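Okay, so here's the structure we're looking at.
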There are 2 protein chains.
Amino acid sequence: MSQMLLIHDQLREMILSLDLGPGERLTERWLEGRFQSSRTPIRAALARLEGEGLVQREGRNWAVAPIDLGEIEALAEFREPLEVTAVRLACARAASADLDGIEEMLNACRSDVPREEWHKIGTDFHVEIARLSGNKFLVAAIDGVMIRLSRARWLEVWTESSREQAWSEHRRILGYIRSGQSEEAAREASAHVRDTRDRLLRSLNADRRGLRARGFAIVGAR
Amino acid sequence: MSQMLLIHDQLREMILSLDLGPGERLTERWLEGRFQSSRTPIRAALARLEGEGLVQREGRNWAVAPIDLGEIEALAEFREPLEVTAVRLACARAASADLDGIEEMLNACRSDVPREEWHKIGTDFHVEIARLSGNKFLVAAIDGVMIRLSRARWLEVWTESSREQAWSEHRRILGYIRSGQSEEAAREASAHVRDTRDRLLRSLNADRRGLRARGFAIVGAR
DNA sequence: AACCTCGTTTTGGTATCCCAAAACAGTATT
DNA sequence: AATACTGTTTTGGGATACCAAAACGAGGTT
């Protein structure tokens, strides 16, 4: 695999895991040392990450994108019709075997698995449903949304009640898809998007001071 | 402005205007001569254009993206809920003065203006409506869709009947937004997306042989 | 003590250089 | 004549060198 993609993936992982704090300044020279490579592949990787919304320009230099409460609201507004459409198309097009795979994914999360696993599967669930729609643009858009929500979601999987709430919603959506009840599935997906938005904003507002104290840039209303 | 952005914009213009044919091979070395610059900014521009779907990798080298009929169908499926959402939000949030601006845009297209103008305004209409939604992700997504449809739309604006059909649909959408009839506006937007898809696919299938003869790669079903 | 000034350092942007792998073409072999 | 081989060319990927502009700081002025 090309060096640029390796750097992209590693840097992305560092950002999504909050190993690099939101708002942190990045210099191409520091990354050069960190990844033991020249600036050429680093700049390509930064350009990609900028497209994914994980890295931004600040004047002339680079910074890890801050967590933006306004953006989380806008994402929910954007995401709702996407998830509804994905779920409707999945009802029409998904084979039963496909749904089995997704159900297994959900089952893999029992209360003893680490938070990282809940976090990952909570993302993958939505992307896999989108995949069943057979529409690559829906997949790409929902994947993009989940990446942008990813850091905030660490807070969502922190408490058991949030996890359980999200999981029961996931199960209901999957159940309706399996029985072909597309309107019920759509309504449930729609509610899930709004509930998730509320959970994320509540958590972020509650922990805002603590996150700021750790040097994380949290911007946006409230 | 940075050289990379200049190259990006010019190359994009060459692709969208069909000055570079769909499917055409591009080498970094040729572009180097064409734009009188080094490969560094060229490679950055190509990476961007790849993200916009206008340029692809073919094995190890670059090519202008072919026109893909399957992609046009998938884009319509993806676009429909976006336009519906944008129109609904615009109903709730747009000021009357904003709508005046868009109406003027539409009025600027009389039968004597060149096709280029119809083409541009037909794109801008949708992006501007999206802007009224106040949601940057909707704007970016609809903008991305319109860019990907852009080359096929040259055929749509070719015949007067297509132009007039599209314009009357645009006017109906705008009218419903102005009177705050969000459900009617949504239904109309939805129909417009499907009608446009049908017009594009019909035109492409009709002209397929001719386009192929000009060296344009047209791929996909039918 | 506050503020301007000018030289130094650091930054990202660009050009150029080097390399390995893939494409190609000419040649020899069957 | 078809095919396998091999040396050459061309390709994109990466490293390095160079530049202008922005950021920074020490020293001098008020």
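In what follows, every heavy atom counts, from backbone to side chain, and hydrogens, waters and symmetry copies are set aside. None of the values given here were measured: they were computed from a predicted structure. All chains are named by letter (A, B, ...) in the order of the sequence lines, taking the proteins before the strands, and each is independently numbered beginning at 1.
Across all strands shown, Leu26(A) has heavy atoms under 4.0 Å from sugar-phosphate atoms exclusively, and none from any base.
Under the 3.5 Å distance criterion, the side-chain polar atoms of His8(A) are left unmatched by any main-chain donor or acceptor of Pro41(A).
Contacts with DNA chain D (heavy atom under 4.0 Å) in residues 41-53 of chain A: Pro41(A), listed by number.
For Thr40(B), the side-chain hydrogen bond (donor to acceptor under 3.5 Å, both in side chains) test picks out no residue, with sequence neighbours left out. In this structure, the side-chain hydrogen bond (donor to acceptor under 3.5 Å, both in side chains) partners of Ser190(B), at least two apart in sequence or on a different chain, are Glu80(B), Arg194(B). Among residues two or more places apart in sequence or in another chain, the side-chain hydrogen bond (donor to acceptor under 3.5 Å, both in side chains) test is passed with Trp62(B) by Glu28(B).
Distance, Trp62(A) CH2 to dG13(C) C1': 12 Å, rounded to whole Å. Computed from coordinates, the Glu28(B) CD to dT16(C) P distance equals 15 Å when rounded to whole Å. As a whole-Å value, the separation of Leu31(A) CG from dG14(D) C1' is 16 Å. Atom CD of Glu58(A) is separated from atom P of dT11(C) by 15 Å (rounded to the nearest Å). As rounded to whole Å, 14 Å separates atom P of dT11(C) from atom CZ of Arg57(A).
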Could you go over nucleotides 16-25 of chain D and give all protein N or O partners under 3.5 Å, atom names and distances?
none

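Looking at the side chain of Ser37(A), the nearest of the listed nucleotides dT14(C), dA15(D), dG12(C) is dA15(D).
The ring-ring contact (aromatic ring centres under 6.0 Å, His included) pairs that include a residue from residues 126-151 of chain B are His126(B)-His170(B), His126(B)-His192(B), where partners are two or more places apart or lie in different chains.
Contact record, Trp154(A) with Leu18(A): CD1-CD1, 4.0 Å, taken as the closest heavy-atom pair.
Here Lys136(A) pairs with Glu71(B) in a salt bridge; the nearest charged N to carboxylate O distance falls below 4.0 Å.
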### Message
Show, in sequence, the C-alpha distance, side-chain angles and deciding distance for Leu149(A) and Thr123(A), and conclude whether the side-chain contact (heavy atoms from CB on, under 4.5 Å) test is met.
### Response
CA-CA 9 Å; Leu149(A) 290 178; Thr123(A) 295; over 6 Å; no
